[in-house]
K.L.:
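Pasting in a structure now, in structure tokens, and then I'll have a few things to ask.
Quantities reported herein were computed from a predicted structural model and do not represent experimental measurements.
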Protein chains: 2
Amino acid sequence: MRATVRDVAARAGVSPKTVSNVLNGTFRVSPATRQKVEEAVAALDYVPNLSARGLRNGRTGMIAVALPDLRMSYSAEMCHHFVVAAGKRGLHVQIEETAGGVDREVELMSRARAQLIDGLILNPVRLETTAVQRAVAMPPVVLIGEVDQPIVDHVWIDNTAAVREITQLLIDEGHRRIAIVGADNTATAQVRLIGFHQALEAAGISAEAALEIPSPDWHSTDAARWFGEFLDTHDVPEAVVCMTDTLAMGVISALHDHGLSVPGDVSVVGYDNITDSATMVPALTTIDFDKQKFAETAIDVLAARIADPNRPIMSVTIPHRIMRRASTRQRSTRKTGPRKTGTRKTGPRKPSTRKG
Amino acid sequence: MRATVRDVAARAGVSPKTVSNVLNGTFRVSPATRQKVEEAVAALDYVPNLSARGLRNGRTGMIAVALPDLRMSYSAEMCHHFVVAAGKRGLHVQIEETAGGVDREVELMSRARAQLIDGLILNPVRLETTAVQRAVAMPPVVLIGEVDQPIVDHVWIDNTAAVREITQLLIDEGHRRIAIVGADNTATAQVRLIGFHQALEAAGISAEAALEIPSPDWHSTDAARWFGEFLDTHDVPEAVVCMTDTLAMGVISALHDHGLSVPGDVSVVGYDNITDSATMVPALTTIDFDKQKFAETAIDVLAARIADPNRPIMSVTIPHRIMRRASTRQRSTRKTGPRKTGTRKTGPRKPSTRKG
DNA sequence: CTGAAAGCGCTTACAG
DNA sequence: CTGAAAGCGCTTACAG
């Protein structure tokens, strides 16, 4: 049978309270007593029961992190940083996926209230239907990502500015017919699309609905399929803004399959600066931000909220910057109209079967 | 204040036991009583306290999944499948990273014993130093990956066979001077290296230590750097076996930076069939397995172990297959000696700046 | 500096 | 089909 504080106390010849004091360091305990207790703990292989402690204290030392799709490289890197940042504060992380939508988000909130977790870091999927409602008794929650709900704490990147700036970069390089991939109705896409539109408008370029290409799932394979179909039926754009690096990977793949080179024929940019974006061929120009800092900030804000539910609501913006790599280039001649697929100088070919 | 079973019972005019029966469905309850209870639950916004339930039942409904490095795309995909598979059984997943090594693994075991988690799915990093010891009182654990410890349940891929087969594929295509990237002292690398050696030996090719290239971290950027340095100082191999798809991404990047085409100059294969491997340029030939099935099997085995700690130990091998894509090709002429870098027909050039 | 007691909220034998 | 009581293992006022 598992040892309990009583067993330890009995063996050490002290009361359970003293054992607790030694374990939690709440009060000063004489060295002799401390040693007796520690010997008993070791002898009995005692491990405190966290459920009991959680019931007593109302804290379990566990938080949840809920991301839209755990399969994304972006999710992988953020999970890592959340786990590490939480670990530094003695917290453990439960992961959840919000892909299911609003129901899932609501369920996560109740689970927080069911107190196996002390708080929740939530990346909601849709703006208009967020589970975060004034009406509900709220557990400690930090929103990350695009939804700016003034009801709860919030850590984010200024997505709109970031996409505006990277679109501006493409415009400065002489591109005018610019497509955007991942333009669907998620919160992320909507907020980033605004930045895209702002940059076009500032340059006097009118937005074209046909150049706003959805990709219902944001996996690279989906982007390759959807953007590939776009290439089959439309003029080749001069540049492509991708909502994420993972989408950019699919876009580059589709361009290669159509015999188009990056950035020779088409410039491509991404968003997130995932590790793999540096080893794409070509290396990807993208939006970079300090993911470790992002995670640590979110954990800090959540910990502060857990400690004091009544503190003022915070909103923290993590800085971003453009990570310039090889996937974009200056257009030599400034073209005003759309370029026809037929005007390409070389016909389609599979670069992957080119012989050395 | 939060409502408790007592509050619900009082409001519904029944005993706490009846409330519990309604919530857990243990005994039959009359429809009228059930409705009264459900109304009270709704009215009081009652959510059961999982710490209390965990203390009482000795189960929290939470399991932990510990992977070596959460940043990997492979980890991302596995996490997704574990969370989904666990969710189907009403379980939640706590994630941990074992990169820290054995201490971390031991700590995870005690945490399991501290009973905030009912069990643990563990991918240990090193063969010889596994935290899994006969001596320690073991919580329910399922090992995944390469370590075959007959002490606990085990779900894995036959790594040795998989790498042997994919190396064999390269040999069948006429490659003889084959490098392997990621050859370090982790359990995964060691077991896969054995398969590599087996294939070479069966073909009468002697292993060359210089062709076994380590990459202390298995990120694509590390592989690009380490394999790039290898290319700077060695003859170009005819083919490269990568311990993972992520490593392959870095290897392909380094080859491009050296003006070598894949598979024109060098064939490359990976392992894992991550989603992104289909959109690499060229699409990657790799080892595929059913990740959903892998995760579900591990969860099943763990659930069975939790239900019956004394059942016989299980070991399940998930089938694998070669996913043939564009990154390998038949060598037209069979060469016996190493090819010099200088013998390439085309000089180095950056494919990324090639114009269309 | 330490001990005896109460209670966190739940579920489960034990009675009725 | 339901009620009253006990107890999971911990920590914290309350006394000494």
K.L.:
So, using salt bridge (charged side-chain N to carboxylate O under 4.0 Å, His left out) as the criterion, who are the partners of B/E39 when residues are at least two apart?
P.N.:
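B/E39 satisfies salt bridge (charged side-chain N to carboxylate O under 4.0 Å, His left out) with no other residue.
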K.L.:
Hey, can you pull the donor-acceptor pairs under 3.5 Å for the side chains in residues 51-59 of chain A, sequence neighbours left out?
P.N.:
from  : atom 1 : to     : atom 2 : distance (Å)
A/S51 : OG     : B/Q115 : O      : 3.4
A/R59 : NH2    : A/I306 : O      : 3.4

K.L.:
For A/D118, what residues pass the side chain to side chain donor-acceptor pair (under 3.5 Å) criterion, not counting sequence neighbours?
P.N.:
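Partners of A/D118 by the side chain to side chain donor-acceptor pair (under 3.5 Å) criterion, ordered by chain and then number, come out as A/T60.
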K.L.:
How long is the line joining CG of A/L44 and P of D/dG9, in whole Å?
P.N.:
14 Å
K.L.:
Dot-bracket for DNA chain D, 5' to 3', counting Watson-Crick or G-U wobble pairs under 3.5 Å, with [ ] for crossing pairs and | for inter-strand pairs?
P.N.:
|||.||||||||.|||
K.L.:
What integer distance in Å separates A/D7:CG from D/dG9:C1'?
P.N.:
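It is 10 Å, rounded to the nearest whole Å.
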K.L.:
Check whether any side-chain nitrogen or oxygen of A/T18 sits under 4.0 Å from OP1 or OP2 of C/dG3, and answer yes or no.
P.N.:
yes
K.L.:
Taking side chain to side chain contact (heavy atoms under 4.5 Å, CB included) as the test, write out the residues that go with B/V5, two or more places apart.
P.N.:
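With neighbours one apart ignored, the set is B/V19, B/Y46.
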K.L.:
Under the side-chain hydrogen bond (donor to acceptor under 3.5 Å, both in side chains) rule, what pairs show up with a residue in residues 301-312 of chain B, not counting sequence neighbours?
P.N.:
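As it turns out, the side-chain hydrogen bond (donor to acceptor under 3.5 Å, both in side chains) pairs with a partner in residues 301-312 of chain B, which skip direct neighbours, are B/D153-B/R305.
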K.L.:
Under 3.5 Å, which donor-acceptor pairs do the side chains of residues 79-88 of chain B form with other protein atoms, sequence neighbours left out?
P.N.:
from  : atom 1 : to     : atom 2 : distance (Å)
B/H80 : ND1    : A/E97  : OE1    : 2.9
B/H80 : ND1    : A/E97  : OE2    : 2.7
B/K88 : NZ     : B/E296 : OE2    : 2.8

K.L.:
With sequence neighbours left out, what residues match A/D300 under salt bridge (charged side-chain N to carboxylate O under 4.0 Å, His left out)?
P.N.:
A/R89
K.L.:
Restricting both atoms to N or O, compile the protein contacts to nucleotides 5-8 of chain D shorter than 3.5 Å, with distance only.
P.N.:
none

K.L.:
Think A/R53 has a side-chain N or O under 4.0 angstrom from the OP1 or OP2 of D/dT11?
P.N.:
yes
K.L.:
Ignoring backbone atoms, establish whether A/S51 has a side-chain N or O less than 4.0 Å from OP1 or OP2 of D/dG9.
P.N.:
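No, no such contact exists.
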K.L.:
Could you check whether any side-chain heavy atom of B/V41 comes within less than 4.5 Å of a side-chain heavy atom of B/V37, counting everything from C-beta outward?
P.N.:
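When only atoms from C-beta onward are counted, B/V37 and B/V41 do touch, with a gap below 4.5 Å.
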K.L.:
Under a 4.5 Å cut-off applied to non-hydrogen side-chain atoms, are B/V316 and B/I318 in contact?
P.N.:
yes
K.L.:
Judged by each residue's nearest nucleotide on DNA chain D, which is more toward the 5′ side, A/V19 or B/G13?
P.N.:
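Its nearest nucleotide being more 5', the pick is B/G13.
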K.L.:
Check the phosphate of D/dT11 against A/N24, side-chain N and O only, distance under 4.0 Å to OP1 or OP2. Yes or no?
P.N.:
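The answer is yes; a side-chain N or O of A/N24 sits under 4.0 Å from OP1 or OP2.
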K.L.:
Does B/T33 put a side-chain nitrogen or oxygen below 4.0 Å from OP1 or OP2 of D/dT2?
P.N.:
yes
